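None of these values were measured; they are calculated from a predicted model.
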Amino acid sequence: MFSLAAVVATYNRPGLLAGRALASIANQTRSPDILIVVDDSAADIRPKNRTVVEGLACEGTRVIYLENRRTSGASGAWNTALDEIGRIAPSAFVAILDDDDMWEPDYLERCEKEAQARTLDMVAAGIVYNHSEEQDSVLLRSPDGLYVNDLLVRNPYIQGSNLFVRLSKMLEAGGFDEGLRSTTDRDICIRLADLGTLRYGRIEDCLVQHYAESDRPRLSTPGSEAKCAGLRGFFRKYQGRMTAEQKEAFIHRSLVVFNCDPTQESSL
């Protein structure tokens, strides 16, 4: 058995942090050895989050509350956690959970067993995509491999909440790109695949509950500045590796799905 470090970056969502992310972590059949919550919230929200984190009952888990020490945003918050894990548990696996998502109770146990049984560096479970209470949920199966040609065009259903990766590989890949406001999941997956040594496996069952309600701001909200900035940054970073067909597909998907033209710079 190896150490498991659960990481949650949070931004102005104390209710969802407590009621979804942290509740599901406390309910795991295999408790994480370490839980790090990194707060990137407004100053007046941080005391609420600290109280929620410090009051969490999670037996056998070392619970750590940190304020984001790096670039504002998810990548800086996640890298703050990676820095801390590298200091206290350098051989750990890192399991990331968005503050508005949930894990099924056996998520960490299943990922750990899969990694041990197959000597893996990364495991990705499937996702249940919840758009709203009025719409049926959609099951999104994780890919059978990390294929850069796919990642250059679209996300093959690996995102923050189903990232389960050996810390040493995350660090070898350079951690999260703090220059990207969104689309960071695809970026880290490309750089992990580029290592050429990563042992990846998937769990076909959907063990992650992802919530994409349209009545609240999210990094992936179509047309939002954060999403468009991330797509523009991703396109600048990787367009030199894209074929003409991949560029066309990336631009088309950005326009249709996210109402963003990644070739146009922001007017803000």
Side-chain angles (χ1 to χ4, degrees), residues 6-25 27-28 40-41 45 73-75 77-78 95-108 110-111 123-144 150-164 180-189 202-234 249-262:
V7 171
V8 181
T10 189
Y11 177 75
N12 293 348
R13 294 169 175 163
L16 290 175
L17 172 67
R20 284 188 183 168
L22 297 186
S24 77
I25 290 173
N27 197 36
Q28 291 296 298
D40 197 43
S41 303
I45 301 293
S75 290
W78 288 331
I96 293 177
L97 179 63
D98 289 344
D99 62 356
D100 55 345
D101 289 344
M102 299 178 67
W103 289 330
E104 293 298 323
D106 60 345
Y107 173 77
L108 289 178
R110 294 277 303 276
C111 288
V123 178
I127 297 169
V128 181
Y129 185 94
N130 301 286
H131 186 75
S132 70
E133 292 183 0
E134 293 75 29
Q135 294 178 284
D136 291 336
S137 299
V138 179
L139 302 183
L140 306 176
R141 308 293 181 185
S142 51
D144 60 7
D150 291 340
L151 288 159
L152 289 172
V153 173
R154 56 182 289 274
N155 189 320
Y157 310 133
I158 299 179
Q159 56 194 57
S161 293
N162 67 338
L163 278 174
F164 183 94
L180 292 176
R181 290 181 63 187
S182 62
T183 323
T184 50
D185 36 25
R186 287 164 63 183
D187 172 70
I188 190 65
C189 284
R202 69 169 173 170
I203 296 174
E204 291 192 18
D205 293 340
C206 295
L207 304 178
V208 177
Q209 296 286 339
H210 172 65
Y211 294 89
E213 298 99 334
S214 59
D215 60 349
R216 59 186 176 85
R218 299 169 50 251
L219 277 179
S220 295
T221 298
S224 69
E225 174 54 26
K227 186 59 183 180
C228 292
L231 289 168
R232 289 192 298 267
F234 185 92
F250 179 85
I251 294 169
H252 176 75
R253 189 171 188 278
S254 298
L255 288 166
V256 171
V257 177
F258 296 110
N259 193 29
C260 297
D261 184 347

Peer 1: Please give me the minimum heavy-atom distance between P143 and P156, naming the atom from each residue.
Peer 2: CD-O, 3.0 Å
Peer 1: Rounded to the nearest 0.5 Å, how far does CG of N27 lie from CD of E104?
Peer 2: 9.5 Å
Peer 1: Taking side chain to side chain contact (heavy atoms under 4.5 Å, CB included) as the definition, give me every residue that meets it alongside S75, ordered by chain and number, with sequence neighbours left out.
Peer 2: F176, E178, T184
Peer 1: The criterion is side chain to side chain donor-acceptor pair (under 3.5 Å); which residues satisfy it with D144, sequence neighbours excluded?
Peer 2: Y147
Peer 1: Of all residues at least two apart in sequence or in a different chain, which pass the salt bridge (charged side-chain N to carboxylate O under 4.0 Å, His left out) check with R110?
Peer 2: D106, D205
Peer 1: Tell me, do N130 and Q209 make a side-chain contact under 4.5 Å, heavy atoms counted?
Peer 2: yes
Peer 1: Atom CH2 in W103, atom OG in S161: separation rounded to 0.5 Å?
Peer 2: 8.0 Å
Peer 1: Just do the side-chain contact (heavy atoms from CB on, under 4.5 Å) check on I127 and S142 with the steps written out, would you?
Peer 2: CA-CA 7 Å; I127 297 169; S142 51; over 6 Å; no
Peer 1: Partners of D187 by salt bridge (charged side-chain N to carboxylate O under 4.0 Å, His left out), sequence neighbours excluded?
Peer 2: R191, K237
Peer 1: Check whether any side-chain heavy atom of F164 lies under 4.5 Å from a side-chain heavy atom of L108, and answer yes or no.
Peer 2: yes
Peer 1: Do M102 and Y211 make a side-chain contact, defined as non-hydrogen atoms from C-beta onward lying under 4.5 Å apart?
Peer 2: yes
Peer 1: With sequence neighbours excluded, what pairs up with D185 under the side chain to side chain contact (heavy atoms under 4.5 Å, CB included) test?
Peer 2: N155, Q159
Peer 1: Applying side chain to side chain contact (heavy atoms under 4.5 Å, CB included), name anything that partners T183, two or more places apart in sequence or on another chain.
Peer 2: R186, K227, L231, F234
Peer 1: Is it true that a side-chain atom of R20 and a backbone atom of D101 form a donor plus acceptor pair closer than 3.5 Å?
Peer 2: no
Peer 1: For D40, give me all partners under side chain to side chain donor-acceptor pair (under 3.5 Å), at least two apart in sequence or on another chain.
Peer 2: N68, S72
Peer 1: Restricting to side chain to side chain contact (heavy atoms under 4.5 Å, CB included), what partner residues turn up for T10, sequence neighbours left out?
Peer 2: L17, V37, D39, S41, N49, D99
Peer 1: Is the charged tip of R253 near the ring of F258: under 6.0 Å from the six-membered ring centre and within 45° of its axis?
Peer 2: no
Peer 1: Tell me the closest heavy-atom pair linking R141 and C206, and the distance in Å.
Peer 2: NH1-SG, 3.6 Å
Peer 1: Can you establish whether the number of heavy atoms outside F250 located under 6.0 Å from its atom CZ is more than 12?
Peer 2: yes
Peer 1: Please identify each residue that fulfils side chain to side chain donor-acceptor pair (under 3.5 Å) with R154, with sequence neighbours left out.
Peer 2: Y157
Peer 1: Give the minimum heavy-atom separation between G230 and S182, together with the two atoms involved.
Peer 2: CA-OG, 3.2 Å
Peer 1: Minimum heavy-atom separation for V153 to A249, with atom names?
Peer 2: CG1-CB, 3.7 Å
Peer 1: So do the side chains of L97 and I25 get within less than 4.5 Å of each other, counting heavy atoms only?
Peer 2: yes
Peer 1: Between C228 and N259, which heavy-atom pair has the shortest distance, and what is it?
Peer 2: SG-O, 4.3 Å
Peer 1: Give, for atom CG of L255 and atom SG of C260, the distance between the pair rounded to the nearest 0.5 Å.
Peer 2: 8.0 Å
Peer 1: Out of curiosity, L16 CG to D98 CG, how far, rounded to the nearest 0.5 Å?
Peer 2: 11.0 Å
Peer 1: Could you work out, with side chain to side chain donor-acceptor pair (under 3.5 Å) as the rule, every residue matching N12, not counting sequence neighbours?
Peer 2: none
Peer 1: Please report the closest heavy-atom contact between I96 and W78, naming both atoms and the distance.
Peer 2: CG2-NE1, 3.5 Å
